[in-house]
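Reading through the structure tokens given below for one structure.
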Amino acid sequence: MRPDAVHRVLDAELAAARERRGGEPPRVLDVGGGSGVWAVPLAVAGCAVTVVEPSPNALATLHRRAAEAGVLDRVTAVQGDADALDADASADLVLGHGLLEVVDDVKVALAALARAAAPGGAVSVLVANRFAAVLHRAIAGRLVDARRLLDDGAGQPAGVREQGQRRFDVAGLEAAVRAVGLEVELLQGHGVVSDLVPGAVLEGNPGAAEALAELELAAASLSPLRDVAARLHVLARRPA
Ligand SMILES: C[S@@+](CC[C@H](N)C(=O)[O-])C[C@H]1O[C@@H](n2cnc3c(N)ncnc32)[C@H](O)[C@@H]1O
């Protein structure tokens, strides 16, 4: 299976970092890295990954996964919080995936991610999209919920919170990232149509998975499709 839009961007960023380091492993800091969904494959790909994560259960799963993948020596786990992040500015790539939805303060967390990146380093942010959630509720027949989510979000740049989970739109996410001094290099969608395609379509048709992956890639950077993707992805850079 070809890499999706987010993996493509991260692969390119890490290849550039490896070159800058003269072939040494790129340094990745994964904040709110959970059980290692991103961290372990990046370690397998040869990166030195530090995961900062408050949940002991998630850290235990991360340890098991890293051991199974044979990369315990390339994964450092730190029990901690984005809001109290005390990382030096040395990471080639800082991940905040699925993080801004749950932190107490988006600006504080984003500023911490920005500080942890080396000058010229990158910050990758992946968040749930409010407009996708509105569409999914409507499609599921939850029309009152859909309308409430739409109305609650109007004019709230730092994301809309519903049942403890914050969601963002393109303009709000871009503004929040810029507000901490990062340069937004790319803002794309992740999961534009995948969640909408019935499973039977993929099961019954040879080549359908490949066609869907290609459609996703084509739609990821194409507004207005990008703007209603399930998740929004920003790659931002700390000025050198
Ligand atoms: C939705 S999961 C995302 C996990 C992983 N980054 C991924 O994309 O699969 C959110 C993670 O953030 C962690 N988390 C919650 N509050 C946090 C905070 N203030 N600082 C850092 N991590 C936090 C949770 O424990 C959880 O593991």
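Whatever order the structure lists them in is the order used to number ligands and atoms, beginning at 1. Numbers for residues simply follow the sequence, beginning at 1. Since this is a predicted model, take the numbers as computed values, not measurements.
Among all protein heavy atoms, the one lying closest to atom 17 (C) of ligand 1 is P54 CG, 3.8 Å. The single protein non-hydrogen atom nearest to atom 13 (C) of ligand 1 is E53 OE1, 3.5 Å, given as residue, atom name and distance. Nearest protein heavy-atom contact of atom 7 (C) of ligand 1 is W38 CD1, 3.8 Å. The shortest contact between atom 4 (C) of ligand 1 and any protein heavy atom is with G32 O, 3.3 Å. The nearest protein atom to atom 9 (O) of ligand 1, hydrogens excluded, is given as V37 CB, 3.7 Å; this is a heavy-atom distance. In terms of protein heavy-atom proximity, atom 3 (C) of ligand 1 is nearest to H97 O, 3.5 Å. The protein non-hydrogen atom at the shortest distance from atom 20 (N) of ligand 1 is A82 N, 2.7 Å.
Proximity of a side-chain donor or acceptor of N129 to a complementary backbone N or O of D227 within less than 3.5 Å is detected. Remark: side-chain polar atoms of E101 are paired, donor with acceptor, to backbone N or O of A128 under 3.5 angstrom. Judged by distance alone, the side chain of Q188 and the main-chain N or O of A5 form a donor-acceptor pair under 3.5 Å. In this structure, the side chain of R166 engages the main chain of V103 through a donor-acceptor pair within 3.5 Å.
Ring pair H190/W38 is tilted by interplanar angle, where 30° to 60° counts as tilted.
Between S35 and the options H63, R65, R64, E53, a side-chain hydrogen bond (donor to acceptor under 3.5 Å, both in side chains) holds for only R65. Checked against D92 for a salt bridge (charged side-chain N to carboxylate O under 4.0 Å, His left out), the options R21, R18, R238, R27 give a single hit: R21.
One side chain, D88 or S90, offers a donor N or O that lies under 3.5 Å from an acceptor on the other.
Heavy-atom contacts of G34 reach the following atoms of ligand 1: 27 (O) (cutoff under 4.0 Å). If you number the atoms of ligand 1 from 1 as listed, the ones under 4.0 Å from a heavy atom of L99 come out as 20 (N), 21 (C), 22 (N), 23 (C). The ligand atoms of ligand 1 that sit less than 4.0 angstrom from a heavy atom of V102 are 15 (C), 16 (N).
Side-chain contact between L110 and V125 is present, with heavy atoms from C-beta onward closer than 4.5 Å.
Checked against a 3.5 angstrom limit, the closest N/O atoms of V52 and ligand 1 fall outside it. The N/O atoms of D81, backbone and side chain alike, include one that comes under 3.5 Å of an N/O atom in ligand 1. Ligand 1 has no N or O atom lying under 3.5 Å from any N or O atom of G98, backbone or side chain. Remark: ligand 1 and S55 share no N or O pair separated by less than 3.5 Å (distance only, no angle test).
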Go through D11 and R8 one step at a time and tell me if the salt bridge (Lys or Arg N to Asp or Glu O under 4.0 Å) criterion holds. CA-CA 5 Å; D11 287 351; R8 272 195 170 201; over 6 Å; no
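Under 4.0 Å from ligand 1, not a single heavy atom of E101 appears.
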